[in-house]
Each structure stands twice: as structure tokens, then as C-alpha cells.
Amino acid sequence: MADPIVYVEQRIAAAFAKVGGAAAVGVDTAVRASDRADAQVNGSLALAKAMGLTPREVATKVLEVAEIKDICSDAQVAGPGFINLTFNNQFLARELMSSSASDKLGVRDATKPRKIVIDYSAPNVAKEMHVGHLRSTVIGDALVRMLMFVGNTVVRENHVGDWGTPFGMLIEHLVDSGETHAANELSVGDLDSFYRSARKKFDESEPFQARARARVVLLQSGDKETLRLWKLLVAESTRYFQMIYRTLGVLLEGTDIMGESAYNALLPQVVERLGKLKMLTTSDGAEVVFAEGFVNRENQPLPLIIRKTDGGYNYATSDLACVIDRVERLNADLLLYVVGAPQSQHLQMVAAVAKQAGWLQAPREMVHVSFGNVLGADKKMLKTRSGDTVKLDALLTEAVERAAAAVSEKNPELSDAAKADIARIVGLGAVKYADLSTDRIKDYTFDWDRMLSFDGNTAPYLQYAHARICSIFRRANIERASVRNFSPTISHAAERDLAMRVLQFDSALWDTIDKYSPHRLCTYLYDLAASFSSFYEQCPVLKAETETERDSRLMLCDLTARVMQTGLGVLGIEAPEQM
RNA sequence: GCGCUCGUAGCUCAACGGAUAGAGCAUUUGACUUCGGAUCAAAGGGUUGGGGGUUCAAGUCCCUCCGAGCGCGCCA
């Protein structure tokens, strides 16, 4: 355990228990970072009333019995009854060494590792990936990486939209355009034009509509030739998706695809099992479940439609099948859905029904990791100038191009290969970081200039801090690993500030995981980079006054760089050694 | 009509219910013979949409009003 705040927390809690006895049960004795000292404790204010004392009296008593003299150089009662703690530098140095010696840099493993299924990305076959998929993909990828980092078993599932009524129309269009031509069109990623052409025909031609409907029936009844054509569509699209994922540098692989069609065999079972549980009701010819607490616009109970009037299934059925599959086949105890906010009610209903049916019993849980829209400068959904949705691959290409221009300008002496590689890392990092660094629940405004800026809370600023550290070692020709056992001494204020920051990696990452909110880790890494930049200005490393100081600072630099690289790493962002 | 989410500095965003609401951009002012200036140091800028309430303590929780976005039966 490296984070001093986590470390001292137990001792403070013990002191509160000793002072408050029964009254202290349930009182929040958490220790938090503070700008007035290293850490602050607020529990006395909550406890005072129950004990009939003033908060300051409680705080004083807590400090009398708290066993913190070995780790705190100062502990004071302040203001209305806060306790301010200052850690002693020997303690910090010891924790730095402990952090440096661990390959997880002081981050605690999950006390009870879970099996987690995470549903994210979910593009549609024969439809272009756009910025909405970017959010799901990037947030999902970051969560996958950090959940694995702390020791959970994570199953990635890409719930591709590969089934349903649109496929009648798509297959008929495929037949019309000829397989070779269609495959060419799809393989170069021109998915939207294929979809649009099909849609246009469907809207304009009644005979085509009839063919499309008939084709849906053939598809669902398992007609061989229809399935072959369907598979062609799916294969071309997923090949394209994988290409985007590789470009984007996310962990999703072809084997992670669990499309809607994968649950087809389970759909009749969903109906059957709900029927046996007496949960199904026939309403307007459809088989539905009325989940408690959901009403429609007439204030009537709102149904979850399990089987349509025409006998077909829809997405609610398929989502319930997913829950069954994830719980019963995969034995998952946490189901994460990285899906946009508009689906909130739908997912709540699915969860409610799954619980009622007994398929999702505590402590198993289903969590909607919801996110807002990507907006353009006009505050509306991001669109191209012509009003189309922004294609993901075009957006990524532009990011790398813009980064390349910046790299060439700042660092013209680099080789072309190095420039290209750095441009890729910086450009993609900027796009991902822009997405991850704001609270996912809110909409965010997409702005090239801001995300690629080297000032402020951006990927390039963090990457630059990392590159600068690498540069120190490169210049002095010192092996990074060779300084890791050095014993640090903290003397300068900026040095101490950086040390404190480095040690908070553990709690920052856990805070992020607990809330499924990557922006919290981003904020931490930004603060870390800022602390380093300030340290860098004020504390010479290679030209330190003594060898001890130099070694100490080298050790701190290496640790900072490792935290930065690892932190960016679990966000799915690379940290180049030079840029 | 009902429901969900959001509203914080001119702009873009932070802030487990904790003290004096913090950053970046923009504006103003400093710092390059010193490890990468893609940087650092500093200043000004706020009735946290309005009004009630709960609490020792509210941007945060509850109620209400205003504004924005999104949902609300056979598309996914």
C-alpha cells in the first residue's frame, strides 16, 4: 500500500472508534487530500452532536489517541473541527520506494476480483461507425484496461447490430448490386452509401419493399442462400470494424464479437421461461411484461415487448437473452453496458425484468455506464459541414494529420518514421483523451484546436511531461531501471508536491474504477503532469547540488514517468519517449 | 402530459455532502548563456439558472419554478 492517505485512514478510523465508541459507528472517518495540509479528516463534525461535545473537542481527543506519530510530522485541529495531517518526509520516502518496487506502482489489487462482462462499441453491420461509437469504444476500452489492471477477469463483448428487419433490405440490395461489387464497396469502408442506397430503394419502390420483407422471413427461417448472403454482409463489415479498432489501438478483437444474432437460439427460451414464471401478458396481440414502476404517456403501465404481434422478437428479448447468457454461461457477476444515455429507460426495464425473473440476483449487478453526446461548435450533434454524421475513420485520419503538422513544426529534425509514429500516438491520444477527460454523463464539445493543444488538460500536455522525463535519462545516458532502488530524500517543496502526487495514483485509479468515470484518472494525470512541470522548473535533476540529491530526483522522475505511462496506458493512450 | 439527464468565470471543463468553488483557453504582466519555452510564475475575472427546505456544513441531497437535451408499445 503506497498511498499515504489510504495508509493513515485505518489508524484514524481506529482512533475514532476508541473515542466515539458506539456513537462512532457509521460516522464518515475518511481521510481526504486537502490544500491546507496533506490530508484532512472531517469525522469530528459529524460525531460531535452524538457525543455532546464540540467538534474541536472531539478532534482533540481523536488526535490524542491516534497512532500516527511515526508517519505524521504535524497533526492539528483547525477551523470548526477539521483535523489537518502532514506526513513526515521519511514516511513519504519509504512509500515512494515501496511504490517504485512494485510493478503496479502501489495500486492495490481488487480485494474480491470479479468476473465482469463489458458490452461496448456495438456498431451496426453495413453502417458507418461514427462519433457515438467512438465514445462507447474509447470509454469501454479504458474501463476494460483498468478493471484488468487491478486483477478482475474481464470479458469483452461487442454487441454488433447484425440482425433484424433492415437486413431484408440490405440483402436484396446486395443481390441487385452483385456480390463482388457490394463486397468491394463494403470493404473500402463505404458502408453508409451502401446502406443509403438500400434505404432509398426501400422507401421508393414497393416491389423492393415486398422483396425485403420476404427476405427477412427467409433470413429468420434459416434459408441457406439467404444466410450465405447475410454472412457476406457481416464479414465485410466486421473486417472493416476490426481495421478501425486496430487504428484506434483498442483491445477489441474479432473474437469479442457477440452480435445480436448470437442470441437467436436463446430467444424462444426467454419467452418460454417468462411464460412459466407467469410474467407474460398478451397486450394488443404482443407478448409483453409489465415491469413495475414504468408508465407510458397516458400514464398506463409501460410494457417491455418480448414478442411482437407478428411473432418476431425484438431488442428487449435479445437483451434479456444477453443477461441469461452472461450470467448462466459466463457466470459473470458484473454486467457493464457502455451505451448512450437515451437507452437508459430501456436498460432499466430489462434489468427490472431480469431481476423479477430471478436471472439477475444480488450481488450480481447490471450497470449502465451511460454517456452523453458529442457536440459540434454549434452545440448540436456533431455533423460534417454537409450535415452528414462524421465518419470515424475520417476523424481519426484528420487527428493524425493535424498532429503530424504539429510534430514537424516543433521537431523538424526527427526522422520521417519517428514523426509518423509520434503523430499517430499524439493524434489518437488527443482524440481519446478529449473523450475521456470530461464527465461521461455530460455532452461534450468536439474541438480540434483545444484537444491538440499542448496547454491545459490535454493528452499532448501529459505526453510531453513524460517525454521530458525520458529526455533527461537519454541525455545523461542513464538506464531508467538503474535508479529504481535509490532511496529518495525530499527537500524542496516542489519535490514534495510531486512525491505526494505520485503516491496518490492508487486512490485516483480506484476512485475512477468505483465510479466507472475515466475523467477522474485524467484529472489526476493532469495534476501529476502539472506537478512535474513545476518540479522540473525548480529542481535541477542532472545538475543537482549533490549526488544524493541527483539520485533521489532521478528516482522520483523515473517513478513519475512510470505512473504517467501506466496511467495513460489504462486509458488506452500511449506515451512516446520523444515528441 | 409523465420520466431521465444537464445548467458552475467571456469560452471549454473540474470539484467522496466539508473550510476561501478550482484549472485551461482568452485578457494583462513577468521568466530563455541553465536537464526540451509543446514550459513555468503571477494578476484580474463567480449571487454555482431563480426560490424554498434538510444538515454542524449544500454547486452537490429534497421540493418547486425557469431553460436545454433525450426518452415514453411492437426500429435497434
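Quick caveat, the model's predicted, so the values are computed rather than measured. Atom set for the values below is all heavy atoms of this structure, side chains included, hydrogens, waters and symmetry mates excluded. Protein chains get the first letters and strands the later ones, always in sequence-line order, with residue 1 at the start of each.
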Watson-Crick/G-U partner (both atom distances under 3.5 Å) of [N]:
N: B:U48; answer: none
N: B:A58; answer: none
N: B:C40; answer: B:G30
N: B:C6; answer: B:G67
N: B:G24; answer: B:C11

Distance check: side-chain N/O of [X] vs OP1/OP2 of [N], anything under 4.0 Å?
X: A:R475; N: B:G36; answer: yes
X: A:Y461; N: B:C40; answer: yes
X: A:K379; N: B:G67; answer: no
X: A:S534; N: B:A41; answer: yes
X: A:R468; N: B:G37; answer: yes
X: A:T445; N: B:C13; answer: yes
X: A:K442; N: B:A14; answer: yes

Nearest listed nucleotide, side chain of [X], among [options]:
X: A:S533; options: B:C75, B:C40, B:G36; answer: B:C40
X: A:D284; options: B:A19, B:G73, B:A15; answer: B:G73
X: A:N314; options: B:A76, B:C74, B:C35; answer: B:A76

Is it the case that the ring center of A:H159 lies less than 6.0 angstrom away from the ring center of A:Y263?
yes

Does A:R440 make a cation-pi contact with A:F371 (under 6.0 Å, within 45 degrees of the axis)?
no

Regarding [X], tell me which of base, sugar-phosphate or nothing describes its non-hydrogen contacts under 4.0 Å with the strands shown.
X: A:D28; result: base
X: A:N42; result: base
X: A:Q578; result: base
X: A:K49; result: sugar-phosphate
X: A:A78; result: base
X: A:A286; result: base
X: A:D310; result: nothing
X: A:C539; result: base
X: A:H519; result: sugar-phosphate
X: A:R36; result: base
X: A:P55; result: nothing
X: A:L302; result: sugar-phosphate
X: A:A46; result: base
X: A:T438; result: sugar-phosphate

Is the shortest heavy-atom distance from the side chain of A:Y536 to the side chain of A:V541 under 4.5 Å?
no

Per the atom types in the model, does the base of [N] pair as donor or acceptor with the side chain of [X] at under 3.5 Å?
X: A:Y464; N: B:A38; result: no
X: A:S283; N: B:G73; result: yes
X: A:Q40; N: B:A19; result: yes
X: A:D455; N: B:A26; result: no
X: A:T309; N: B:C74; result: yes

[atom1] spacing across the pair [N] / [M], given as an integer number of angstrom:
N: B:G7; M: B:A43; atom1: P; result: 28 Å
N: B:G44; M: B:C32; atom1: P; result: 24 Å
N: B:A38; M: B:G22; atom1: C1'; result: 24 Å
N: B:U48; M: B:A58; atom1: P; result: 12 Å
N: B:C65; M: B:U55; atom1: P; result: 23 Å
N: B:U60; M: B:A9; atom1: P; result: 15 Å

A:R424/A:D421 salt bridge by N-O under 4.0 Å criterion
yes

Nearest-nucleotide comparison on RNA chain B, the residue closer to the 5′ end among A:D511 and A:K410
A:D511

Closest-nucleotide ordering on RNA chain B, the 5'-leading residue of A:I472 and A:N84:
A:N84

Parallel, tilted or perpendicular: rings of A:F446 and A:W448 (30°, 60°)
perpendicular

Report the C-alpha distance between A:N457 and A:Y433 in whole Å, list the side-chain angles of each, state the deciding distance to 0.1 Å, and finish with yes or no for side-chain hydrogen bond (donor to acceptor under 3.5 Å, both in side chains).
CA-CA 9 Å; A:N457 191 8; A:Y433 193 83; 2.5 Å; yes

Please list, chain by chain and in numerical order, all residues satisfying side-chain contact (heavy atoms from CB on, under 4.5 Å) with A:P301, sequence neighbours excluded.
A:F290

Derivation of the salt bridge (Lys or Arg N to Asp or Glu O under 4.0 Å) call for A:R553 and A:E549:
CA-CA 6 Å; A:R553 288 178 178 171; A:E549 190 173 70; 3.5 Å; yes

Sequence neighbours excluded and cut-off under 3.5 Å, please list the side-chain donor-acceptor pairs for residues 342-354 of chain A, or say none.
from, atom 1, to, atom 2, distance (Å)
A:S344, OG, A:Q348, NE2, 3.3
A:H346, NE2, A:D319, OD2, 2.6

